[in-house]
Amino acid sequence: MAYLVALSSAWSGACGNNGGGVVLIPAQGKFLVLPLLLQGPCHGVIRIQLDGELLASSDKQFAIGDHWLSIENVNNLFIDGLGRLTGSGASAWPSNSLNRPISMKFNNVNTASIKNISSFDSKFFHFAVHASRDVTFDNVTVVAPANSPNTDGIHISTSSGINIMHSTIGTGDDCISLGPGSKMINISNVHCGPGHGISIGSLGKNPNEEDVFDVTVRDSTFIGTSNGARIKSWSSPYSSMVSKVTFLNLQMNNVKNPIIIDQSYCPDSCAPNKMNKSMVQIKDVRYQGITGSSNTPVAVDFECSQVLPCQGIVLQDINLTFNGGGKTTSICHNVKGSASGQQLPPSCL
Ligand SMILES: *[C@@H]1O[C@H](CO)[C@@H](O)[C@H](O)[C@H]1NC(C)=O
Ligand SMILES: *[C@@H]1O[C@H](CO)[C@@H](O)[C@H](O)[C@H]1NC(C)=O
Ligand SMILES: *[C@@H]1O[C@H](CO)[C@@H](O)[C@H](O)[C@H]1NC(C)=O
Ligand SMILES: *[C@@H]1O[C@H](CO)[C@@H](O)[C@H](O)[C@H]1NC(C)=O
Ligand SMILES: *[C@@H]1O[C@H](CO)[C@@H](O)[C@H](O)[C@H]1NC(C)=O
């Protein structure tokens, strides 16, 4: 309890200080912190120097909730240090509730960088960025077991100008997930695995979702993940669009679905007449220089909507081998586009 007061009062001091301030979590320190909302606006640049460890409670009463640490309404935020967030997720994973705390949430945070820090064993997502602009994650490490539920590394929604680079993410769900309203997103030099890959979606779950566009994922590796480059939408009547997406120079190693568009997502089983009728339009997606190994024969899988076929899908220089021996194949349902350069598996576009 004492530590909770210390962190929130350090924040208030730094945030209220004219010209800005620093919140220091000293090295060698391990601080138990209960769920905390750190709010702005602040009077200047805020730095959080995370050299030590922040530890979330494993008490059952904190297994449910929106966040562990939430930072809101702040401009000019810099988080750096060699320290870590320890989410104590094992105490919350068995509940399987979708209302478990995000370890570190950014809401309406503009011009921010998160550098060098690590996040372990979040109860739900490790990091989530919502309604924010110009946020950079650089050299961030995410660690959680492959079977931990919904522990996405970094989730983005309704935000623009987000850069994620030089980061290593191994977790139980998506390494990075881009939800509705993700735009101008740059992802580069990310090592993903274990995990579910880098995903756009799920989209189309709710009415009035914002579009996703201008996304680049490049120079990254996927090791033992269930997906590589994935776009996923619900088979639902809610419309939106995904456009101008580039997957460039990605190395797959033992990945189940290296390239996949899945527009028939329907986890609680759809009525047959609703199957494959996603109203999310996917267009202008380029896959270039995607190489390495698939651990299933289907290395390229385009399952697009029957009512809004994918358009402008481009495959260029694809070399995906089946590590079980034999050839890889591709599947095209309701997709229009073109292929050039090397195509392994043979393109079905
Ligand atoms: C964090 O990383 C940057 C480079 O990304 C480096 O310049 C900086 O010194 C690092 N900070 C610490 C506290 O090590
Ligand atoms: C990245 O962060 C780690 C700590 O997690 C640190 O040891 C390393 O020096 C950082 N690398 C760079 C390039 O800053
Ligand atoms: C993404 O990276 C490219 C260069 O690689 C750069 O021109 C562009 O401004 C970046 N976008 C964002 C949102 O930072
Ligand atoms: C939906 O798509 C899947 C995969 O393309 C296919 O196996 C299934 O038969 C389709 N269902 C309907 C009702 O069209
Ligand atoms: C395709 O990849 C395999 C294994 O990674 C490699 O042996 C082969 O030379 C590549 N083919 C071409 C044409 O680059």
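Order of listing sets the numbers, starting from 1, for every ligand and every atom in it. Here the structure is a predicted model, which means the values were calculated and not measured.
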Sidechain-backbone polar pair: [X] side chain, [Y] backbone, donor-acceptor under 3.5 Å:
| X | Y | answer |
| --- | --- | --- |
| Q281 | P309 | yes |
| Q316 | Q288 | no |
| S12 | A10 | no |

Taking atom types as modelled, is there a side-chain donor on H191 or T168 under 3.5 Å from an acceptor on the other?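 Checked: H191/T168 side chains show no N/O donor-acceptor pair below 3.5 Å.
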Tell me whether T321 has any N or O atom under 3.5 angstrom from an N or O of ligand 5.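 The answer is no, given that T321 and ligand 5 share no N or O pair closer than 3.5 Å.
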Would you call K244 and D214 a salt bridge, using N to O less than 4.0 angstrom?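 Between D214 and K244 there is a salt bridge, with a charged N closer than 4.0 Å to a carboxylate O.
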List ligand 5 atoms under 4.0 Å from Q342, heavy atoms only on the residue side.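 Contacts of ligand 5 toward Q342, numbered from 1: 11 (N), 12 (C), 13 (C), 14 (O).
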Heavy atoms only, cut-off 4.0 Å: how does N116 contact ligand 2, side chain, backbone, both, or neither?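 Within the 4.0 Å criterion, N116 contacts ligand 2 through backbone and side-chain atoms alike.
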Ignoring angles and geometry beyond distance, decide whether T141 reaches within less than 3.5 Å of ligand 2 through its nitrogen or oxygen atoms.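 No; the residue has no nitrogen or oxygen that sits under 3.5 Å from a nitrogen or oxygen of the ligand.
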Kindly determine whether F127 and S119 satisfy side-chain contact (heavy atoms from CB on, under 4.5 Å), including the steps that lead there. CA-CA 8 Å; F127 297 98; S119 172; 3.8 Å; yes
As an exercise, identify every atom of ligand 2 less than 4.0 angstrom from a heavy atom of L82.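 Counting atoms of ligand 2 from 1, those under 4.0 Å from L82 are 4 (C), 6 (C).
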Taking the inter-plane angle between the rings of F302 and Y287 on a 0 to 90° scale, is it parallel (under 30°), tilted (30 to 60°) or perpendicular (over 60°)?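 Ring orientation, 0 to 90° scale: tilted.
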Students should find this: residues with any non-hydrogen atom under 4.0 Å from ligand 4. What is the answer?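 The 4.0 Å shell around ligand 4 contains P272, M275, N276, E303, Q306, H333.
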From CE (M241) to CG (D284), nearest 0.5 Å: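 Separation between the atoms: 9.0 Å.
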